[in-house]
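Since the model is a prediction, treat every value here as computed from it, not as a measurement.
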Protein chains: 2
Amino acid sequence: MVTIKDIAQRAGVAKSTVSRYLNGGSVSQKTRAKLDEIVKETGYTPNTFAQSLKAKHTKMIGMIIPRLDSYSANEVLASIDASLRDQQYQLLITNANQSIEREIENIYTLAKQKVAGIILMATIITEAHRKAIAEVDIPVLLLGQVGEGLHTISHQEYEAGFTMGSYAKNLGHKKYLYLSVFKEDVAVGQLRAQGVLDALKEGADRTVEVIETSFSFQEAYEQALVILPSTQATFIICATDNIAMAVLKAAHTLDMSIPQQFSLAGFGGYATTSIVTPSITTVKYPYKELGKVAVEQILELVSGKPMKEHIALPNRLEIRESTVPF
Amino acid sequence: MVTIKDIAQRAGVAKSTVSRYLNGGSVSQKTRAKLDEIVKETGYTPNTFAQSLKAKHTKMIGMIIPRLDSYSANEVLASIDASLRDQQYQLLITNANQSIEREIENIYTLAKQKVAGIILMATIITEAHRKAIAEVDIPVLLLGQVGEGLHTISHQEYEAGFTMGSYAKNLGHKKYLYLSVFKEDVAVGQLRAQGVLDALKEGADRTVEVIETSFSFQEAYEQALVILPSTQATFIICATDNIAMAVLKAAHTLDMSIPQQFSLAGFGGYATTSIVTPSITTVKYPYKELGKVAVEQILELVSGKPMKEHIALPNRLEIRESTVPF
DNA sequence: CTCTTTATTGGAACCGGTTCTATTTATGTA
DNA sequence: TACATAAATAGAACCGGTTCCAATAAAGAG
């Protein structure tokens, strides 16, 4: 392997000169030309580790995702990857596999890799998260969830819920079922739910039942099989498209027809919701945009500039076949 | 930041002793106990970069995936991530975004990160691939595709095709349509296709039409909209489940019913194929197993042990609602 | 044609570890 | 008790870069 020393020897200069040449310091035309040639000839590239030993950090951004098979995470990831590339940064992805411990652990692991910044897609923010973030002394950007006092980019969850609730209300339905997720998840379990409920609140002849289910397709499916036969609801709103898909499948299994027996809607804008029959009404989130903004912001943070503590992106209702007037 | 020097000073020993302590060299009970305490107290962890400077490689395995939104890639990824963790290795994921150039580029990038080994999910193996693999001097394991002279773990593609073909033949259909992908893809475009065709070959009253389409859902969908109205086929086999889903959607759009008008089958065992209606007959690939074996093998290679050049995993036909006898 | 000022350059120290060698200390054996 | 052998340790060199400082060379001013 060719090192800076080899280059220096070949060129007959000190290695500090080569280092300056590589990093844009003052070097004469003559030596620059000579080095240009030698570097090209030898195909020399500096050893990243030697560089990072002294440098405070690398040209890498670490990203922690909750699971590898999440549609939304992958959409965001793809966008972040592309944007980061434009800025000559490398993306280092680690998987927390739905475990809070692994999330924390990965923060430290990435810090050890001396990434310049960390983008964290968490589901909940615990004290341990805050402690880790404070300790690593690397900018951390939260994605999707809001963390008091931490830099955050998220979706307008409350508004999404409210939009969906209002849409449903205007269709004239009286009995609603909202399939939510655990409350510890602030973005989905609280804000999104609250938006829906607030929109549907007024009016005495309207009832909204809320049942808690899981992000997992399989679990939601099994629960739906139990709930559907007895529900009075003519409009079912699910906290995620994944849950909506599970309800759809359960309906098929039970031989119930949508939207004849009940309307169905979800959140997320997952690609599959437009493929199934009937296609499912959903709120489409701008994942690509989220990724783009996230990269802009983390790089700002990395370069020491301040950012607004919290940025929330708007979303859009997408009406499809699964919802009809009462 | 606390360094090995600090630890050494506190303990009143040389840093070489601390290094030995950390790496399991010979250290007396007394010093070991003292160091145990000091390390715990200070929360010291060695600087990875300093370690990697001398070490030939790190405890990281790099993985290059073709796209971030591929179901199969994610399944494999999840499994590899878990297995690698068990072995105290870190997984570094990079996305080639369907570009051959980026695949090559990522091989070099990962090499610069001094990963111990690289797992490459490529679609085709070019000369540039071989050149890069030879140059980086790091074990590279091919996943999914077979590369002459390179270490490979793949699926039994031909057998999968043959199984599906035989199954279809036994249902008594006469006219088949096989939606394939570009031939440069050896695993899917050649082997899988050949298996299907070979199974369906014999018999004079049987016809098989082959049309080439794309891995992309959208493109396959648009093509299906054109093909379906005029096809005579009563059994459509798609090279991937993704394509099968596209055909299903096109059928819905065109108001054609499956399996009444034609049977439909795919390959892959994607989760969504069991969710849609009708659920789609497919060949289920053991992604988890593939990941597990891949980790075993790459670690063998990393430790210098030889492996069989080519390992191919078996798969299994999964019969669902979308296919019926003629 | 000197004297400053500025642009280049070389050398040494350093980043935080690992590893080799020589030395000291402990242990076992005759 | 003396001697051989094994275990533990210190010190120095090294990995491949960056950075600081002093020295030299080139350029501009008087």
B:Gln9 atom CD is separated from D:dT9 atom P, nearest whole Å, by 18 Å

The helix from C:dC1-D:dG30 to C:dA30-D:dT1: angle between terminal helix axes, five bp per end, to the nearest 10 degrees, reads 40°

Margin query: Mind checking if B:Tyr44 touches a base, just sugar-phosphate, or nothing, with heavy atoms under 4.0 Å?
Written below: sugar-phosphate

By nearest-nucleotide position on DNA chain D, the 5'-leaning member of B:Leu53 and B:Val13 is B:Val13

inquiry  = Checking the side chain of B:Gln156 only, and the main-chain atoms of B:Ala312 only, is there a donor and an acceptor separated by less than 3.5 Å?
reply    = yes

Heavy-atom contacts, protein to nucleotides 18-26 of chain D, under 4.0 Å, summarised as B (base), S (sugar-phosphate only) or - (none) per nt, yield BB-------

Separation of C:dT18 atom P from B:Lys59 atom NZ, nearest Å, is 14 Å

### Check: B:Ser79 and B:Leu290 side chains under 4.5 Å, non-hydrogen atoms
no

Is A:Arg130 salt-bridged to A:Glu127, cutoff N-O under 4.0 Å?
yes

Residue pairs meeting ring pair (Phe, Tyr, Trp, His ring centres under 6.0 Å), one or both in residues 92-127 of chain A, sequence neighbours left out, come to none

Between CZ of B:Arg32 and P of D:dA8 the distance, given in whole Å, is 8 Å

- Task: For the residue pair B:Asn74 and B:Tyr287, confirm or rule out a side-chain donor-acceptor distance under 3.5 Å.
- Result: no

